[in-house]
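Here the structure comes first, spelled out in structure tokens, and everything after it is commentary.
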Amino acid sequence: MKEIPLSTCEKNFIIQAIKQNQRLDGRKNDEFRNIKIHYGADWGSVMVALGETKVLGQVSSELGEPKATRPNEGMFYINVELGPMAAPHFESGRNCELTVQINRTLERTFKDSKSLDLESLCITAEERVWILRVDLNVLNHEGNLIDCCSIATLCALMHYRRPEVSIIEDDVVIHKESEKDPLPMVMHHYPVCVSYCTFDEGRIAVADPTVIEERTSDSQMIFGINSFRELCCLNLGGSSLTSSALLLQCSKRAAHHAKYVVELVKATLEKDLAARESRCNVGFTECLKKNTITSLAEDRLILKLRNFTFEDKEVFRKFNEGFCEDEPVTMEETFQDSVENTAGDKWETSGVENCDIESLQNREEISFDTEVNAPTQQQISSSQKRNSSSTDLPSDSEEEEQIIL
């Protein structure tokens with residue numbers, strides 16, 4: 001199934017909104033979406049939600065032989081899967097360009113920057129090492145998959161615990177968790193990917209883009225930055241070149257956001273470890289019971305208007321000015337005069353919605369005659385009698401008796 005193309009009207013609307021610092025979900029151009037992290041019952045299992053974009057990560061390990069060029073280091077792999085669950089146009093078991101781009105960017109950010117200590121995964125040099133594998137399954141694709149996958153990879157690596165091993169008579173014995181406590185991963189730094197999209201020929205940068213913004217943008221900037229504000233990876237792609245000033249400005253904002261994400265991940269890890277030490281129920285099942293994991297992380301309303309207020313008084317005043325532009329008497333005064341002169345009818349002066357059209361026309365005639373012709377009280381009473389005689393009221397009504405008198 002092919003991806004549905006965007007129309008020209010949709011693209012123009014998004015571009016014009018971004019030029020006015022407006023976005024479809026109510027954010028500004030430099031604002032990021034909320035991040036939600038939930039850990040599973042197993043070590044290294046995590047689900048990260050970046051707005052409506054959701055990724056499930058799982059770390060697994062096994063024993064194997066090291067590479068001949070790196071006999072004292074373990075091995076580390078990252079695998080990203082995009083299936084029909086993420087979006088209808090993705091095919092299961094088939095790698096697309098987006099899958100290859102995410103895999104390469106994550107390998108450059110985590111593996112090439114040596115964020116994970118691979119020497120700590122060595123058991124016996126040139127014989128046995130640990131082989132780590134991070135599997136990322138995209139549950140929903142709503143834009144900015146690289147950032148969400150990088151956060152899921154970081155959370156899974158920091159949360160994972162590998163089993164303790166012992167060497168007995170040249171044999172490697174893997175101990176269970178009940179025998180020996182598992183060991184955490186040794187990490188030198190904590191990198192995170194931060195993405196930006198550019199519009200208006202590279203003059204405007206938009207942080208944390210959605211799907212429709214990514215498809216409308218001119219180019220994309222991906223920064224791999226750790227909590228120490230060190231640049232681990234930089235990927236620029238698209239049709240338009242960005243200026244150096246905008247690039248430096250986005251890199252500073254990305255470094256600040258990366259530090260915030262790392263602190264958030266550490267806080268969630270401490271909370272999960274405290275729950276496990278206190279023997280509390282943890283995992284996705286417990287999150288479902290507490291209703292912290294839902295199918296939709298945000299409201300169903302796609303378009304949100306910011307700085308939009310509706311005040312009845314202000315609208316009513318403008319309506320009065322436009323309605324009585326050539327008349328010296330305001331609408332409220334006209335209503336008040338007609339209410340005082342009409343004894344049998346009951347009107348509300350708060351607005352026009354409680355009045356019928358015929359009564360409003362009668363009031364306008366009375367107010368116009370009052371201003372121009374200055375009718376006498378006898379003429380007003382005769383007009384009231386004509387209006388009252390045209391209305392049908394029950395025979396036992398008190399209002400009918402008052403009008404007749």
Side-chain angles (χ1 to χ4, degrees), residues 39-40 42-46 48 55-82 93 95 99-137 146 149-193 222 224-228 230-235 262 265-266 269 273:
Y39 296 98
D42 300 332
W43 294 110
S45 179
V46 65
V48 178
V55 176
L56 178 65
Q58 177 65 55
V59 179
S60 59
S61 61
E62 61 180 0
L63 294 178
E65 296 181 358
K67 295 181 180 180
T69 56
R70 302 285 184 178
N72 298 327
E73 295 182 358
M75 288 181 283
F76 173 50
Y77 299 100
I78 299 176
N79 181 36
V80 181
E81 295 182 3
L82 289 174
N95 292 334
T99 307
V100 176
Q101 180 186 4
I102 295 174
N103 279 323
R104 291 181 178 177
T105 304
L106 293 178
E107 287 181 356
R108 291 171 58 189
T109 304
F110 288 90
K111 191 175 179 180
D112 296 348
S113 65
K114 297 181 180 180
S115 62
L116 184 65
D117 187 7
L118 297 179
E119 293 183 356
S120 62
L121 303 178
C122 179
I123 300 175
T124 305
E126 300 181 358
E127 294 182 1
R128 287 288 184 270
V129 294
W130 284 107
I131 301 176
L132 290 184
R133 180 185 176 93
V134 180
D135 294 312
L136 301 175
N137 189 5
I146 295 180
C149 290
S150 67
I151 298 173
T153 303
L154 179 62
C155 294
L157 290 175
M158 297 177 65
H159 186 259
Y160 182 67
R161 302 288 187 272
R162 66 174 180 84
E164 182 64 87
V165 296
S166 300
I167 301 175
I168 302 175
E169 296 180 358
D170 296 336
D171 293 334
V172 179
V173 178
I174 301 176
H175 298 282
K176 298 180 180 180
E177 188 175 355
S178 59
E179 297 175 356
K180 289 186 177 181
D181 295 335
L183 301 177
M185 296 292 97
V186 180
M187 300 190 66
H188 298 297
H189 57 92
Y190 310 101
V192 172
C193 292
I222 302 174
I225 303 179
N226 58 14
S227 58
F228 303 106
E230 296 175 350
L231 186 63
C232 305
C233 172
L234 177 61
N235 187 10
V262 173
V265 171
K266 291 181 179 180
L269 283 172
L273 290 177

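The two residues A125 and N72 have their closest heavy-atom pair at CB-OD1, 3.0 Å. In plain terms, the two heavy atoms of Y160 and S60 that are nearest each other are OH-C, 4.3 Å. Among all heavy-atom pairs drawn from C193 and T105, the shortest one is SG-CG2, 4.2 Å. In terms of heavy-atom proximity, A152 sits nearest to V48 at CA-CG2, 3.7 Å. Of all heavy-atom pairs between G64 and I131, the closest is CA-CD1, 3.8 Å. Pairing each heavy atom of S150 with each of V192, the nearest pair is OG-CG1, 4.1 Å.
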* To do: List the steps and the verdict of side-chain contact (heavy atoms from CB on, under 4.5 Å) for F110 and L154.
  => CA-CA 9 Å; F110 288 90; L154 179 62; 4.2 Å; yes

### Query
Going through the checks in order, is the side-chain contact (heavy atoms from CB on, under 4.5 Å) test met by L183 and E164?
CA-CA 6 Å; L183 301 177; E164 182 64 87; 3.3 Å; yes

Requested in this report: With side-chain contact (heavy atoms from CB on, under 4.5 Å) as the test, would you mind laying out the steps for Q101 and N235 before giving the verdict?
Outcome: CA-CA 10 Å; Q101 180 186 4; N235 187 10; 3.8 Å; yes

message: Would R70 and M75 count as a side-chain contact (heavy atoms from CB on, under 4.5 Å) here? Give the steps.
response: CA-CA 9 Å; R70 302 285 184 178; M75 288 181 283; over 6 Å; no

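Counting heavy atoms of neighbouring residues, nucleotides and ligands inside a 6.0 Å radius, atom CD of E179 exceeds 12 of them. Other residues, nucleotides and ligands place no more than 12 heavy atoms under 6.0 Å from the NZ atom of K67.
Atom OG of residue S45 and atom CG of residue D135 lie 11.0 Å apart, to the nearest 0.5 angstrom. Residue L82 holds its CG atom at 5.5 Å from CD1 of I102, rounded to the nearest 0.5 Å. In this structure, OG on S166 lies 3.5 Å from NZ on K180, to the nearest 0.5 angstrom. Going from atom NZ of K114 over to atom NE2 of H188 covers 9.0 Å, rounded to the nearest 0.5 Å. For the atom pair L136 CG and N79 CG, the distance stands at 8.0 Å (nearest 0.5 Å). Separation of atoms CG (L116) and NE2 (H189) is listed at 9.5 Å; rounding is to 0.5 Å.
Counting heavy atoms from C-beta on, the side chains of L121 and M185 come closer than 4.5 Å. You'll find the side chain of P184 reaches within 4.5 Å of the side chain of R161, heavy atoms only. P163 has its side chain within reach of S61: a pair of non-hydrogen atoms, C-beta onward, lies under 4.5 Å apart. Contact check for R128 versus E65: side-chain heavy atoms found under the 4.5 Å cut-off. Residues S115 and N226 form no side-chain contact, since every pair of their non-hydrogen atoms from C-beta on lies 4.5 Å or further apart. In this structure, the side chains of T109 and I222 stay at 4.5 Å or more apart for every pair of heavy atoms. Residues W130 and L63 have side chains in contact (heavy-atom distance under 4.5 Å, counting atoms from C-beta outward). The shortest distance between side-chain heavy atoms of I78 and K111 does not fall below 4.5 Å.
Side-chain N or O atoms of S120 include one that pairs as donor or acceptor with a backbone N or O of D117 at under 3.5 Å.
Between W43 and H159, the angle of the ring planes lies from 30° to 60°, which puts this pair in the tilted group.
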